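All remarks here apply to the structure that follows.
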Amino acid sequence: MTERTSIHGQWSSRLIFVLAAAGSAVGLGNIWKFPYITGEYGGGAFVLVYLLCIAVIGLPVMMVEILLGRRGRQSPINTMKTLAKEENRTRLWSWIGWSGVLSGFLILSFYSVIAGWALAYVFKAVSGTFNGITAAQVGDLFGAHVGSWPLVLLWHTVFILMTVFVVARGVRAGLEKAVTYLMPLLLALLLVLVGYSMAEGDFARGFSFLFSPDFKKVFYTCSVEGGIESCAFNGEPLLTAMGHAFFTLSLGMGAIMVYGSYMPKRTSITGSALLIVFMDTLVALLAGLAIFPLVFGNNLEPGAGPGLIFQTLPIAFGAMTGGQLFGTLFFVLLVFAAWTSSISLVEPAVAWLVENRGIRRRHAAAWLGFGCWLLGLGTVFSFNLMSGEQYHIAGKTVFDLLDFITTNILLPVGGLAMALFTGWFASRRMSESELGLPDPWFSIWWFVVRFITPVGVLIIFLHAIGVL
């Protein structure tokens, strides 16, 4: 094969690629979703199964997506079209790229609204709004915020502009410079918050909750009748762990593929993927260590669900010494995590417009940003003007519908198709030449990608649509 080069540029080093891809993976899912689902499903045993799923499902698909991106050196759409032709397969495989581009566009439209909440909460925290706040007051505060569509729209707009600003500047001047500063700052902030949690929270209890597995508590539902205890296996936590292991790494949406297309040729895909997975998992676990000791130290409920970040933690910060400063730092951390992910969501579509329509990058970023902003109005109004059932589509708000379509359908189907193309429709030689893994490691990876990963992703998909 003739060596291709990307017209968009290339990461300056392996470290920058790892930071960029880890930035794509590290987002609201690590700092917002992982702690609350861990709290809902009882802690340690859920975490252990989640880590196993990362190794069996997340890592192999991550390697597949980077491999395809570096091989094609183009946007996901053109990469799949080129590789299908090279492997003498139908060009219809380019639909994988289209699915990824569409997923990123749809996700950014509602992701920016949620990230806008975090932006707003930075200013609430710094102004001392949480000082001495009660549970009822924090609930009213959150309800008043999301219920005010002009306020939600303002922060949605600000976050879209932040995203467009970075993407418009290009690979080196925009994406690379952003992750060079944001990722180290994110990790530093997280470590500071863990230290604060150790000093002000019940760290021993939080650590035990996160790392002491009780499989009976998590995976079995027990009842007592006539003095006899009977337990039945509950597969919901297992399926949720599998799903989150896949989604937390930004797989199936073309972001990792397009970042892989900017990857230096001699950089190890396997080593880079391991580092990305390690960093993503480390951030999730550190977020748990920052959050749960504060929750337990203030006698709050770890299984509070999605409201854990916006409706539970402000109570803890408001009651603690230094809570105003560290509450501000926490929501700044949340914004940074969302920002590093959002720039990767729109990059595949920008790359395609530059390649196929000859549009300048800054214009492509601006038009796509405007499209995401416009579609995001549906999510903005889902919590206020259009929250009534008369505005629901198939029983869902616009936000719920977009979240369901992307998370439950487009992403797992895209990830499954990538694994199937690489393992069954592309030549083994293609993967061998890109990965450069010696046996038996390559043969093990090849077996996992062909047989185990597709089954795992299929189970995730069936669970997501309610079949399992």
Side-chain angles (χ1 to χ4, degrees), residues 2-11 20-21 24 65-66 68-86 89-112 157 159-178 250 252-263 341-378 402 405-406 410-411 413-414 417-418 421:
T2 303
E3 176 61 22
R4 303 184 183 96
T5 56
S6 172
I7 66 169
H8 309 286
Q10 183 173 283
W11 305 116
S24 174
E65 198 158 343
I66 297 173
L68 294 174
R70 191 169 73 176
R71 187 76 169 184
R73 296 289 188 188
Q74 300 164 88
S75 66
I77 297 169
N78 290 334
T79 281
M80 292 310 302
K81 187 184 296 183
T82 298
L83 296 185
K85 181 179 180 182
E86 187 175 281
R89 303 294 181 181
T90 173
R91 295 175 68 182
L92 292 176
W93 281 102
S94 64
W95 74 265
I96 296 176
W98 283 109
S99 174
V101 167
L102 178 62
S103 297
F105 182 85
L106 295 179
I107 290 171
L108 182 57
S109 75
F110 65 80
Y111 193 87
S112 64
T157 304
F159 192 79
I160 285 288
L161 290 173
M162 289 167 57
T163 302
V164 168
F165 172 76
V166 172
V167 175
R169 291 172 60 84
V171 175
R172 286 284 181 95
L175 305 179
E176 182 168 313
K177 190 166 287 187
S250 295
M253 64 181 70
I256 298 299
M257 190 187 296
V258 78
Y259 276 11
S261 72
Y262 309 147
M263 184 184 192
S341 291
S342 70
I343 59 179
S344 71
L345 291 172
V346 73
E347 178 63 19
V350 168
W352 184 81
L353 285 175
V354 171
E355 291 168 4
N356 290 68
R357 295 292 180 264
I359 301 175
R360 290 186 177 182
R361 169 174 276 269
R362 63 177 180 270
H363 295 155
W367 278 111
L368 287 165
F370 176 72
C372 287
W373 177 86
L374 199 61
L375 184 59
L377 297 180
L402 289 173
I405 290 172
T406 53
L410 292 178
L411 296 190
V413 168
M418 287 180 200
F421 176 82

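Since we're looking at a predicted model, the values are computed, not measured. Just the heavy atoms: all of them, side chains too, but no hydrogens, waters or symmetry mates, feed the values below.
At least one side-chain heavy atom of L410 sits less than 4.5 Å from a side-chain heavy atom of L106. For the pair M80/M257, a side-chain contact is recorded, criterion being any heavy-atom separation below 4.5 Å from C-beta on. Between T82 and R4, some side-chain heavy-atom pair lies under the 4.5 Å cut-off.
Ring-plane geometry between Y111 and F159 is classed as tilted, the angle between the planes lying from 30 to 60 degrees on a 0 to 90 degree scale. Between Y262 and Y259, the angle of the ring planes lies from 30° to 60°, which puts this pair in the tilted group.
Checking side-chain atoms of S341 against main-chain N and O of S24 turns up a donor-acceptor pair under 3.5 Å. For the pair R73 (side chain) and S261 (backbone), a donor-acceptor distance under 3.5 Å is present. Checking side-chain atoms of E347 against main-chain N and O of A255 turns up no donor-acceptor pair under 3.5 Å.
The minimum heavy-atom distance between A351 and V258, with the atom names listed, is CB-CG2, 4.1 Å. Closest of all the heavy-atom pairs between V167 and A365 is CG1-CB, 4.1 Å. Nearest heavy atom pair, residue A84 against residue R91, reads CB-CA, 4.4 Å. For the residue pair Q74 and T79, the shortest heavy atom distance occurs at O-OG1, 3.0 Å.
The local environment of CH2 in W95 is crowded, with over 12 non-hydrogen atoms from other residues, nucleotides or ligands closer than 6.0 Å.
Atom-to-atom distance recorded for Q10:CD and R172:CZ is 7.0 Å, nearest 0.5 angstrom. Taken from CD1 in I107 to SG in C372, the straight-line distance is 10.5 Å, to the nearest 0.5 Å. Note: H8 NE2 to L175 CG = 11.0 Å, rounded to the nearest 0.5 Å.
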